[in-house]
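Dumping the structure here so I can ask a few things about it.
Atoms within each ligand, like the ligands themselves, are counted from 1 in listed order.
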Amino acid sequence: MSDKTSNQMWGGRFAAGPDAIMEAINASIGYDQRMAAQDIAGSRAHAAMLAAQGIISDSDAKAIREGLLTVLSEIEGGTFEFSTALEDIHMNVEARLKEVIGEPAGRLHTGRSRNDQVATDFRLWVRDQLDAAEQGLLALIRALLAQAEAGADWVMPGFTHLQTAQPVTWGHHMMAYVEMFGRDLSRVRDARVRMNESPLGAAALAGTGFPIDRHMTAEALGFDRPMANSLDAVSARDFAIEFLSVASISAMHLSRFAEELVIWSSAQFRFVTLSDRFSTGSSIMPQKKNPDAAELIRAKIGRIFGANVALMMVMKGLPLAYSKDMQEDKEQVFDAADNWMLALAAMEGMVKDMTANTPQLEAAASSGFSTATDLADWLVRETGLPFREAHHVTGALVAMAEQKGCDLPDLSLEDMKSVKDTITMGIFDVLGVHNSVASRMSYGGTAPARVREQVARWKELV
Ligand code: ARG
């Protein structure tokens, strides 16, 4: 860090420089340098507009625009010397621009303020992250579709209360997550549409007397339009909060799936084998293969939702327009974005690599009286019993099987008839898990044919 002081930017009315502690609490350059590319893109668009409107000369605009590219290459090449005294990325870039091109650099800040500048940079940065999240979600959804297609008719237990409930198919379970991540994807796309308006040209808060063209800069930066109210433009951070909300919901979905993978890969379940590439060993217990990636994904929701809460707390109660509190928006969003992208990529990798242990899945699906509902449904269909009564009869049969230490299909016809004499051999057709899942043909049901329809529908979409 160099010892440049802020005075060259705003020191006109200041006799002394800031206390070291003031500098430490005030500076954001330590993290907002991540927005360098966005800052320079915004400044280049602004300079071009100033020249097009006759506010600065073409030659000054040219010098500014080229000089900014030089600064960008210094930053990207790692040779740029960031200064804490220059507070933030905006003043660091402008100060360096002055060193590179001299006097014309001083004309860049005409008709704008750091308030609209930072709002613009941050919107551009968050927009890039929404685009990255879209790609991450698409990749994860494709990995899940491949699993669903391969295992459309593999049978596994479906749970409620983590107790065996009814047999379902592996493909159906995978497709449940496709639906969840698909909604995350649509939230990402919605958020992008809503946030894609340009704050640039709102200036400090009230707009400017210079004849700027905000439509021109908005278009140059890929925004759909300029924001319509300058006070709102510099003080709105709901776009960042919405990003964090969308990220939180997605991280919650990732966490639920991660938890299932932790359970499924345990020695007690053995439903899946995670690849060595996404597992770790223990330094003391040689037999261990731990699902660390899944556990870390499960935990990421903590910091991501924490960021969401933190930014809500920063923003609540702030009067219009800009307050320095709002500088506290960035680190939270940066951290949440990094960890969301990482979690998406790690989950995609795990899903691609994992192997379903199909014999174990089927054995588990067949135990725990998982076809009791099929039995009750059979009694309704074939003997005309009201469902409530069929439920009662089935309960008695489950109790009998439990007492005999066997499963429902292991009961003899005589055993069955001793509970309900209208039962016939036909009942055994519905007690097998494959018949059970195949019969669940209601729309959205677990039948392999239904799962394949959904896989085909999603393949069209992604
Ligand atoms: N570093 C500041 C931030 O992140 C830039 C805006 C500063 N504006 C001001 N009026 N001090 O919010």
Review point. Where is the nearest protein heavy atom to atom 8 (N) of ligand 1: which residue, which atom, and how far?
Key: N115 OD1, 2.9 Å

Review point. Tell me the ring pair (Phe, Tyr, Trp, His ring centres under 6.0 Å) pairs involving residues 304-338, sequence neighbours left out?
Key: W125-F334

Practice item. For F257, enumerate each residue passing the ring pair (Phe, Tyr, Trp, His ring centres under 6.0 Å) test, keeping only those at least two apart in sequence or located in another chain. Key: Y177

**Study point:** Test item: side-chain donor near acceptor, S83 and N92, under 3.5 Å
**Key:** no

Exercise for review: Among all protein heavy atoms, pick the one closest to atom 7 (C) of ligand 1 and tell me residue, atom and distance.
Suggested key: Y322 OH, 3.5 Å

Check your understanding: Considering only heavy atoms, does Q117 approach ligand 1 within less than 4.0 Å through its side chain, its backbone, both, or neither?
Key -> neither

Exercise for review: Can you sort out which atoms of ligand 1 are near S28, meaning under 4.0 Å from one of its heavy atoms?
Suggested key: 1 (N)

Study note, to complete from the structure: Result for side chain to side chain contact (heavy atoms under 4.5 Å, CB included) between M347 and one of L342, L140, L144 points to L140

Exercise for review: Walk me through it: do K62 and R65 pass the test side chain to side chain contact (heavy atoms under 4.5 Å, CB included)?
Suggested key: CA-CA 5 Å; K62 187 164 184 289; R65 284 169 55 80; 6.0 Å; no

Check your understanding: Can Q117 and R114 be counted as having a side-chain donor-acceptor contact under 3.5 angstrom?
Key -> no

Revision key, fill the gap. Looking only at protein heavy atoms, what sits closest to atom 1 (N) of ligand 1 is Q327 OE1, 2.7 Å

Check your understanding: Would one find an N or O of D88, backbone or side chain, under 3.5 Å from an N or O of ligand 1?
Key -> yes

Point to revise | Non-hydrogen atom of K330 closer than 4.0 Å to ligand 1 | key: yes

Practice item. Starting from atom 11 (N) of ligand 1, locate the nearest protein heavy atom and write down its residue, its atom name and how far away it is, to 0.1 Å. Key: R114 NH2, 3.5 Å

